[in-house]
6 protein chains.
Amino acid sequence: MASHLTTSQQAHVLISALPYIQKYTGKVVVVKYGGNAMINPELKEAVMSDIVLLSLIGVRVVLVHGGGPEITETLKALGKESKFINGLRYTDGETAEVVQMVLSGKINKDLVSLIGRCGGKALGFCGIDAGMIRCKKLEGEVDLGYVGDITHVDPTPLANAIYNHYIPVVATVGTDENGQVYNINADTAAAEIAAALSAENLIMLTDIRGLLRDVNDVKTLIQEVKLSEVPALTEQGIISGGMIPKVKSCVTALENGVRKAVMIDGRIEHSILIEMFSDEGIGTLFTK
Amino acid sequence: MASHLTTSQQAHVLISALPYIQKYTGKVVVVKYGGNAMINPELKEAVMSDIVLLSLIGVRVVLVHGGGPEITETLKALGKESKFINGLRYTDGETAEVVQMVLSGKINKDLVSLIGRCGGKALGFCGIDAGMIRCKKLEGEVDLGYVGDITHVDPTPLANAIYNHYIPVVATVGTDENGQVYNINADTAAAEIAAALSAENLIMLTDIRGLLRDVNDVKTLIQEVKLSEVPALTEQGIISGGMIPKVKSCVTALENGVRKAVMIDGRIEHSILIEMFSDEGIGTLFTK
Amino acid sequence: MASHLTTSQQAHVLISALPYIQKYTGKVVVVKYGGNAMINPELKEAVMSDIVLLSLIGVRVVLVHGGGPEITETLKALGKESKFINGLRYTDGETAEVVQMVLSGKINKDLVSLIGRCGGKALGFCGIDAGMIRCKKLEGEVDLGYVGDITHVDPTPLANAIYNHYIPVVATVGTDENGQVYNINADTAAAEIAAALSAENLIMLTDIRGLLRDVNDVKTLIQEVKLSEVPALTEQGIISGGMIPKVKSCVTALENGVRKAVMIDGRIEHSILIEMFSDEGIGTLFTK
Amino acid sequence: MASHLTTSQQAHVLISALPYIQKYTGKVVVVKYGGNAMINPELKEAVMSDIVLLSLIGVRVVLVHGGGPEITETLKALGKESKFINGLRYTDGETAEVVQMVLSGKINKDLVSLIGRCGGKALGFCGIDAGMIRCKKLEGEVDLGYVGDITHVDPTPLANAIYNHYIPVVATVGTDENGQVYNINADTAAAEIAAALSAENLIMLTDIRGLLRDVNDVKTLIQEVKLSEVPALTEQGIISGGMIPKVKSCVTALENGVRKAVMIDGRIEHSILIEMFSDEGIGTLFTK
Amino acid sequence: MASHLTTSQQAHVLISALPYIQKYTGKVVVVKYGGNAMINPELKEAVMSDIVLLSLIGVRVVLVHGGGPEITETLKALGKESKFINGLRYTDGETAEVVQMVLSGKINKDLVSLIGRCGGKALGFCGIDAGMIRCKKLEGEVDLGYVGDITHVDPTPLANAIYNHYIPVVATVGTDENGQVYNINADTAAAEIAAALSAENLIMLTDIRGLLRDVNDVKTLIQEVKLSEVPALTEQGIISGGMIPKVKSCVTALENGVRKAVMIDGRIEHSILIEMFSDEGIGTLFTK
Amino acid sequence: MASHLTTSQQAHVLISALPYIQKYTGKVVVVKYGGNAMINPELKEAVMSDIVLLSLIGVRVVLVHGGGPEITETLKALGKESKFINGLRYTDGETAEVVQMVLSGKINKDLVSLIGRCGGKALGFCGIDAGMIRCKKLEGEVDLGYVGDITHVDPTPLANAIYNHYIPVVATVGTDENGQVYNINADTAAAEIAAALSAENLIMLTDIRGLLRDVNDVKTLIQEVKLSEVPALTEQGIISGGMIPKVKSCVTALENGVRKAVMIDGRIEHSILIEMFSDEGIGTLFTK
């Protein structure tokens with residue numbers, strides 16, 4: 001056990017976890033993994049340990065991840081120039097191929113391997129596998145190239161994996177009927193996967209403390225938001241900027257059968273455990 | 001979580017439990033419950049919490065208990081005089097009936113109820129159920145009346161219970177072919193049940209720290225004993241007195257397919273967790 | 001076979017049982033056991049034989065029993081004074097503990113043992129097991145102490161038992177959320193269990209021939225009563241006194257999914273078989 | 001129930017059947033049906049009732065039948081002349097076709113229908129189904145044409161049927177690899193089927209009381225024969241004539257995993273029940 | 001492979017079958033077999049090969065057959081005079097028995113055997129088995145004797161067979177509650193069986209090309225007919241004569257849950273494969 | 001169907017495939033995919049179509065692939081200089097990472113996608129998933145860096161996939177206990193996977209016709225080689241050069257439970273089908 005505490009203290013901590021374990025055992029929890037927790041090696045290992053622990057106590061965890069800086073790095077290393085439109089990356093055909101390769105071949109399998117070293121058994125998937133994530137071109141004001149809009153998620157391969165006690169790790173690329181690969185926003189993908197699996201909980205790891213009334217004061221953290229409060233909070237500008245799509249993903253999940261969606265701070269070590277194993281939680285919880 | 005530690009510290013404790021959880025998940029562990037831990041209400045609740053926690057993280061726990069002082073109390077309340085031979089209770093027909101009633105109707109169901117309040121789901125059994133524990137009269141130098149010698153254990157009802165995620169609690173009375181009820185030594189019964197279930201671990205809660213080289217010095221605790229060392233330790237008088245039958249039960253279990261048998265101090269709160277969730281353990285471990 | 005008949009005659013009897021076996025095979029039948037059939041040893045063994053026979057030909061029997069005189073005896077032996085209010089026993093805390101002990105530790109396990117000797121395999125349960133019977137204090141004109149009013153029955157442990165071809169024997173005590181034990185009326189408990197298991201048939205063993213138009217004339221036995229006739233029969237005083245709660249249990253069962261409820265005379269040997277294996281039956285049948 | 005006995009007497013008969021039901025429940029019993037019991041309509045119905053009763057109390061019965069006089073009748077009606085060699089029918093190609101048609105289309109389906117009217121659910125099979133009974137030409141001193149020697153039995157379709165609670169009824173024709181149909185001795189076929197299903201019991205209905213020391217005195221019935229005694233009994237002429245092949249079938253069954261083989265008198269009504277539900281039995285039992 | 005083509009050409013053919021295999025794998029297809037394809041030995045073997053191929057690629061085929069000329073032949077051989085009313089055979093009791101015998105004992109088992117020689121595993125059934133096809137006397141203007149009108153089909157034995165990867169072959173005789181056997185129209189029986197199994201496809205093998213606008217010109221074949229077009233086509237006389245009952249069977253099937261019904265020309269070798277493995281098909285398709 | 005043949009001819013081809021389908025249905029076949037068939041787009045699609053066809057007719061196909069020229073291309077695009085020792089690529093840490101990324105993220109998922117477009121459902125795996133392929137550094141005369149020697153294959157994820165009717169596609173990278181990634185020879189990996197799955201058949205696609213007695217004359221193709229003949233053929237120089245490791249993989253597979261191993265020419269379109277669906281096959285078959 002952790003050496004700075006007496007074994008007796010440690011046993012008390014385990015016992016105090018009992019009601020939380022009871023609450024989640026057998027439930028599906030989808031974790032959207034990204035941001036700082038995906039870059040810092042200590043945080044990375046802490047997240048994977050949290051996931052392995054959850055898996056061992058009977059929680060059926062699915063890890064969904066996007067890309068992070070590795071795509072940019074690889075593109076650069078390949079001498080591929082990046083094109084940005086209004087600050088958003090334009091994904092041409094070549095870029096889509098690199099995104100597929102880096103997401104599902106590098107980041108995904110590295111996470112699978114790290115979970116293995118933490119004592120879990122993971123299987124790496126991407127939306128191409130068994131045509132699991134079908135998408136079409138995202139329509140919008142600007143043409144972003146091969147950025148996908150999810151039209152259907154077939155959760156069968158993930159359901160099989162969790163039924164067989166594996167932790168599925170999902171890279172967020174998808175395809176259309178012709179096999180064209182698309183880059184997909186990982187928050188959206190996590191929400192759709194959670195919905196397709198009727199998950200109990202969607203946990204989104206971000207680089208902020210949660211939804212703050214005053215963006216400069218972490219003490220103004222809003223601990224719980226009802227779906228009905230979202231429009232007012234948006235109007236008041238409390239949900240704004242980069243929070244808008246994240247909140248939208250939470251809303252999508254809740255509207256499609258997920259029981260709870262929560263945004264937590266991935267920069268805090270073991271924030272997943274703290275969220276799931278305490279009454280107060282650690283971030284902002286969205287509920288119906 | 002436990003309030004005197006930060007949530008972060010608590011998360012670390014949970015994470016540090018990971019390798020031990022991995023070791024025991026899906027395994028059958030038989031806990032022989034008795035002594036002080038059965039009398040002191042705080043210890044009682046701590047033991048039941050430990051068992052519920054183990055059950056929730058996937059350990060298949062079976063709780064085996066004997067009688068303790070409640071039998072004596074009830075006999076006294078019923079005006080039944082106790083007869084002792086060489087310090088051992090003589091069990092006549094009437095006494096056997098009271099033993100059955102108190103063990104399987106009072107102590108057993110009270111434990112089942114307490115486990116329920118700790119968040120687990122338990123089912124109470126005794127050796128009479130489905131003729132699960134068959135015995136004959138124990139032969140020895142003195143006639144102790146209806147004290148039973150186990151001839152066969154049918155573990156099917158217990159196996160069904162753990163398969164359906166219940167915690168079986170077993171009162172140690174048995175019957176012969178004619179339905180005569182016998183009082184059975186709980187250590188022996190726990191060992192035979194562990195063997196019949198091919199348990200990973202038999203944990204015996206006692207009122208001592210374990211096997212001590214010097215009975216007056218807990219620092220002389222022997223942490224591990226190989227089966228082959230038992231005869232010498234007996235000859236040296238280190239295994240002596242009340243320890244002899246307890247060690248014999250451990251030996252029986254190991255010789256019949258149980259992987260590990262351990263004697264731990266039931267007077268220490270959460271000693272089961274400390275034993276199972278630390279490398280050093282807390283008592284004396286017997287192995288092949 | 002039975003020696004006073006030729007084997008040929010006996011074979012004819014078996015063959016004549018064919019249509020009744022067909023009718024009940026695979027069906028759940030709940031037997032409420034009590035009264036004289038629980039005191040007289042010959043009747044007791046005859047009832048258990050009937051139950052084993054039913055079990056072997058594929059009927060899924062559940063035996064529900066109350067206490068009878070043994071509770072009174074044990075209370076007396078323990079020097080516990082009984083307090084009666086309007087002829088009903090007041091159950092204080094101590095009495096509730098004795099009821100639990102005698103019902104689930106003595107009577108229940110003795111029945112399990114007797115079924116074993118008759119060739120069946122039984123498992124003893126009480127409402128405390130897995131929190132199977134939840135209750136609250138029975139409200140009424142007089143305070144009867146810890147007499148329970150059933151709020152919920154979880155039939156899973158009983159369903160598991162019959163699925164695994166065991167005969168569950170249920171002692172009628174229950175608990176509230178805090179673990180307080182309550183004494184429960186066995187007729188009511190049998191009806192609720194039958195409803196929770198969607199039983200085909202609830203058979204109530206009593207000490208009368210059934211519902212009689214003239215209580216002094218067994219020839220006035222009413223063979224079948226429709227639910228709709230109960231109010232009139234009550235008004236006419238034909239259902240009266242001790243019959244009122246028994247009929248109420250039958251009504252409860254029928255209103256909650258049980259197909260048939262029948263009151264039969266437990267003083268007649270093998271009355272269960274006679275009821276189930278003849279067209280005319282032996283007591284009073286309640287149907288929708 | 002049977003009207004000439006009181007319901008109480010009838011209940012006693014049922015109860016006395018308990019130990020026999022326990023003995024056979026879940027076991028496979030193959031009944032070879034033939035002789036007088038196949039001609040006399042009352043006996044026919046009695047046999048089918050016995051089989052339905054056994055099926056309902058959990059015995060897995062397989063009925064194997066041969067032809068009887070109906071083949072001869074149909075051959076005659078078709079103007080087909082019969083040819084006999086040493087008293088044995090010569091089966092030419094045309095005859096084989098008629099045998100197939102009458103056995104599997106007339107007798108077999110009539111039995112299936114009769115079992116249905118007795119309250120059972122039967123499925124008719126013959127050795128042609130799924131190539132279940134493979135055979136080659138029986139070699140011997142005389143050429144009997146298409147009389148088959150069984151080379152392999154695939155019991156899967158029968159095992160599926162009994163698993164799904166149907167009573168399989170098997171007509172004893174088989175085929176070789178080229179699809180040529182053969183007439184097969186029904187005793188041999190029953191023995192091979194019993195062996196392939198690892199049956200508990202092979203019951204052969206015949207037109208004699210069993211093996212008699214003095215063929216003219218039924219009081220000299222031999223109740224039990226050990227395999228080891230067969231050669232001596234044959235030498236002494238006690239096993240002789242038509243008994244030789246029947247005993248050989250019993251021996252074959254026992255040598256291939258069947259526990260018991262018994263020859264009983266099909267002329268006695270309900271002889272199957274009398275054999276199975278009494279200690280003394282009714283015919284001659286062959287055991288290892 | 002087929003020797004007149006290069007292996008490469010043959011591989012191309014197999015590959016071109018891919019989309020059709022995908023369409024039908026796991027689906028239930030009921031084939032009504034009759035007419036010329038039942039008489040000509042080459043066609044017979046071609047049909048059985050088609051069925052075995054379908055079975056091996058995962059289609060769950062059920063073969064339903066009527067009688068053909070063999071019944072007439074056998075009746076004649078038995079010296080039984082046939083009686084016709086308005087050109088329809090009158091089925092008296094004796095005739096019904098012969099129909100049962102020839103259909104279920106000769107034709108049925110011969111087909112089972114032929115499927116075996118083509119590499120499949122078939123089980124022969126008739127409507128008598130497990131009371132699978134219940135019927136009553138067909139009422140009409142003329143009394144045709146024991147010609148049955150289907151009242152209920154229990155598809156369980158057929159569903160068990162296809163679940164266990166056998167090809168069920170069904171002879172179209174049925175019984176009423178008293179066991180009386182009836183001759184049943186095979187087209188009707190196939191439609192009812194397809195409905196009871198919720199088949200994807202009912203394929204009726206006939207001796208015509210399909211529904212022709214001009215009966216003398218195969219080029220006027222109607223490839224697809226909607227249910228709604230049937231009345232008009234009947235009025236126009238395009239559906240007429242012997243086509244009326246066949247079309248009626250297709251309509252019955254479609255109205256009771258079958259997805260497609262198709263009439264194809266059994267005189268064309270491998271017409272089943274050509275129908276199922278080409279876009280254009282080969283006969284007339286009926287759809288909702 | 002294929003348009004240059006009549007539908008009747010095509011049906012004949014399908015029928016002629018019957019015996020081969022029967023031979024392989026339900027069997028595990030591991031296909032090692034590489035060489036020219038992995039570069040030429042037409043051949044690529046032909047191979048995937050073959051695999052989808054096999055999958056649909058019930059063969060449980062596992063596709064194992066290595067890298068081909070794409071690794072070299074990507075390394076070059078990344079400006080990574082390749083180092084060769086005795087003509088073998090030296091795999092340093094960076095190269096190992098690129099190998100992982102290209103194999104499991106690009107080639108693997110592209111194959112999965114292509115199978116999807118051909119009508120199959122594939123799941124992409126690599127040896128990192130669930131620690132499926134464990135390896136250590138390959139020891140040899142020269143240090144090749146992170147080139148792996150397989151120590152253990154856990155086939156569970158592949159077995160789960162084929163059980164759920166998916167086609168597993170496996171990229172041949174593995175890891176050691178510390179998570180270090182290794183490049184693994186695809187022939188060896190295919191052989192080990194075939195052994196771990198007790199495959200019926202290991203099919204190795206190569207760029208030659210098979211084993212030739214005279215390397216310049218395809219007419220000297222050896223159609224079948226017994227394990228016992230391998231040493232002599234090696235001594236004679238018939239097995240030489242690049243053939244040595246390929247033959248060694250076949251030998252490994254056969255020695256570990258695989259029934260057949262065959263080397264076929266991937267340059268011939270549909271060579272897999274031609275091999276499996278003809279008696280003569282197309283390459284060199286190795287058997288015990």
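Convention: sequence-line order gives letters A, B, ...; per-chain numbering from 1.
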* Structure fact -> Residues Val112(C) and Ala130(B): closest non-hydrogen pair is CG1-N, 4.1 Å
* What's the spacing between Asn108(B) CG and Ile128(C) CD1 if we round to 0.5 Å? -> 9.5 Å
* Asked: Looking at Asn178(C), Thr175(C), Val181(C), which one has more heavy-atom pairs under 4.5 Å with chain B than the rest?
  -> Asn178(C)
* Can you name the nearest heavy-atom pair linking Thr74(C) to Leu78(B), along with the distance? -> O-CD2, 4.3 Å
* Option in Ala122(C), Gly79(C), Gly120(C) with maximal non-hydrogen atom pairs under 4.5 Å from chain B -> Ala122(C)
* Using a cut-off of 6.0 Å, state whether more than 12 heavy atoms not belonging to Lys136(C) lie near its atom NZ. => no
* Picking from Gly116(B), Gly131(B), Pro157(B), which has the most non-hydrogen pairs under 4.5 angstrom with chain C? -> Pro157(B)
* Structure fact -> The interface call for Val102(B) against chain C, heavy-atom contacts under 4.5 Å, is both
* What residue in Glu97(C), Lys76(C), Met101(C) has the most heavy-atom pairs under 4.5 Å with chain B? -> Met101(C)
* Rounded distance [0.5 Å steps], OG in Ser113(C) versus CD in Gln180(B) -> 9.5 Å
* Asked: Relative to chain B, which of Arg117(C), Met132(C), Lys121(C) shows the most heavy atom pairs under 4.5 Å?
  -> Arg117(C)
* Pairs of heavy atoms under 4.5 Å with chain B: top-ranked of Asn160(C), Ile167(C), Val98(C), Val169(C) -> Asn160(C)
* Decide yes or no on salt bridge (Lys or Arg N to Asp or Glu O under 4.0 Å) for Lys109(B) and Asp129(C), but give the supporting numbers first. => CA-CA 7 Å; Lys109(B) 300 301 182 187; Asp129(C) 288 298; 2.7 Å; yes
* Asked: Quick check: are there more than 12 heavy atoms from other residues, nucleotides or ligands sitting under 6.0 Å from OH of Tyr146(B)?
  -> no
* Please say whether more than 12 non-hydrogen atoms of neighbouring residues, nucleotides or ligands are located less than 6.0 Å from CD in Glu200(C). => yes
* Is there a side chain to side chain contact (heavy atoms under 4.5 Å, CB included) between Asn164(B) and Tyr163(C) once you walk through the steps? -> CA-CA 12 Å; Asn164(B) 287 312; Tyr163(C) 177 81; over 6 Å; no
* Asked: For Lys80(B), does the NZ atom sit with more than 12 other heavy atoms under 6.0 Å from it, leaving out its own atoms?
  -> yes
